[in-house]
Amino acid sequence: MNSDSSTAASGFRPEIVDRPEQFYVCIRGSVRMDHFAVIADRLGELIGWAAAQGAEFAGAPFFRFRTLDMAGESDVEAGIPLTAPVNPEGDIRAGYLPAGRYATVVRTGHPDGLFDTITALRTWADHEGLTWDMTPLADGAERWGCRLEAYLTDPRVEPDMNKWQIQLAFRLAD
């Protein structure tokens, strides 16, 4: 990996991992990035619903960006991976995260600082000759096969957002 000293010093260590298909439940919405809390604040509700169903979590809660438009509306899911399917209800949906090769990196710090890590991951992938499972749209937005932000830190255990660990996992084109 070719990285400059600022990304190396910050612990930027991306890797490519093979991920299996994964069942999940989510609440989906169309949001502007400056109003992301509209979808983010529903994660607690979803976790509570899944726990009430007796569902077993298979990993960290995440946000899946189906489309991303920094200047407009993005199609985003607040989701949780589960070990077994459950029957969704109301505005809770169920699906499968696609199997495949993903470029991943874990960042420690406040979620507001993710933009620099995302930029570094995209730059790293370009230097490595990797292609995203992503289609640019005519309006400047992007449609992703699977682009995840998984929140590895439980905020009940660590309320200081500056200490949170967040894993980015962006699916690569095969």
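Please read these numbers as outputs of a predicted model, since none were measured by experiment.
- To the nearest 0.5 angstrom, Arg19 atom CZ is 8.0 Å from Thr104 atom OG1.
- A pairwise comparison of heavy atoms in Glu149 and Leu114 identifies OE1-CD1, 3.4 Å as the closest pair.
- You'll find the side chain of Thr83 stays beyond 4.5 Å of the side chain of Phe57, heavy atoms only.
- Taking all atoms of both residues into account, the shortest heavy-atom contact from Ile80 to Pro61 is CG2-CA, 4.2 Å.
- Residue pairs that meet the salt bridge (Lys or Arg N to Asp or Glu O under 4.0 Å) test with at least one member in residues 109-123, sequence neighbours left out, are Arg122-Glu142.
- Looking at Asp133 and Leu172, their side chains never come closer than 4.5 Å, going by heavy atoms from C-beta outward.
- No donor-acceptor distance shorter than 3.5 angstrom exists from the side chain of Arg147 to the backbone of Leu168, with no hydrogens or angles considered.
- Sorted by first and then second residue, the salt bridge (Lys or Arg N to Asp or Glu O under 4.0 Å) pairs with a member in residues 150-161 read Asp154-Arg156; sequence neighbours excluded.
- For Asp126, there are no salt bridge (Lys or Arg N to Asp or Glu O under 4.0 Å) partners, not counting sequence neighbours.
- Although no hydrogens or angles enter the test, the distance criterion places no donor-acceptor pair under 3.5 Å between the side chain of Thr67 and the main chain of Ser74.
- In terms of the salt bridge (Lys or Arg N to Asp or Glu O under 4.0 Å) criterion, residue partners of Asp75 (sequence neighbours excluded) are, by chain and number, Arg28.
- The CD atom of Glu128 lies 7.0 Å from the CD1 atom of Ile16; values are rounded to the nearest 0.5 Å.
- Side chain of Gln22 to main chain of Leu82: a donor-acceptor pair is present (N/O by atom type, distance under 3.5 Å, no hydrogens or angles).
- Alongside Val106, the hydrophobic cluster contains Leu152 (criterion: ILVMFWY side chains under 4.5 Å).
- Each salt bridge (Lys or Arg N to Asp or Glu O under 4.0 Å) pair with one or both residues in residues 44-67, not counting sequence neighbours, appears once here: Arg42-Glu45, Arg66-Glu77.
- Within the structure, ring-ring contact (aromatic ring centres under 6.0 Å, His included) pairs that include any residue of residues 88-123 comprise Phe23-Tyr96 (at least two apart or interchain).
- Note on Val17 and Val105: separate hydrophobic clusters, where clusters join Ile, Leu, Val, Met, Phe, Trp and Tyr whose side-chain heavy atoms are under 4.5 Å apart, directly or indirectly.
- Among residues two or more places apart in sequence or in another chain, the side-chain hydrogen bond (donor to acceptor under 3.5 Å, both in side chains) test is passed with Thr117 by Arg107.
- For residues 140-174, every residue pair satisfying the ring-ring contact (aromatic ring centres under 6.0 Å, His included) rule, not counting sequence neighbours, is listed here: Phe63-Tyr151, Trp132-Trp144, Trp132-Phe170, Trp144-Phe170.
- Shortest non-hydrogen contact noted between Ala55 and Val86 is CB-CG1, 4.1 Å.
- Chaining together hydrophobic side chains whose heavy atoms lie under 4.5 Å apart places Phe62 alongside Tyr24, Leu97, Leu148.
- Considering every non-hydrogen atom in both Gly145 and Pro98, the closest pair reads O-CG, 4.0 Å.
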Please test Trp124 against Leu130 for side chain to side chain contact (heavy atoms under 4.5 Å, CB included), starting from the C-alpha separation and ending with a verdict.
-> CA-CA 9 Å; Trp124 171 82; Leu130 302 171; 3.7 Å; yes
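- Leu68 and Leu137 are members of different hydrophobic clusters when ILVMFWY side chains are connected at heavy-atom separations under 4.5 Å.
- The minimum heavy-atom distance between Pro159 and Val157, with the atom names listed, is CD-O, 3.6 Å.
- Side-chain contact between Arg93 and Cys26: present, with at least one pair of heavy atoms (C-beta onward) separated by less than 4.5 Å.
- By the side-chain hydrogen bond (donor to acceptor under 3.5 Å, both in side chains) test, Glu89 is found to be paired with Trp49, residues two or more places apart in sequence or in another chain being considered.
- Contact check for Met134 versus Arg143: no side-chain heavy atoms found under the 4.5 Å cut-off.
- Residues satisfying the side-chain hydrogen bond (donor to acceptor under 3.5 Å, both in side chains) criterion with Thr108, sequence neighbours excluded, are Gln165.
- In this structure, Ile92 CD1 and Asn87 CG are separated by 11.5 Å, a value rounded to the nearest 0.5 Å.
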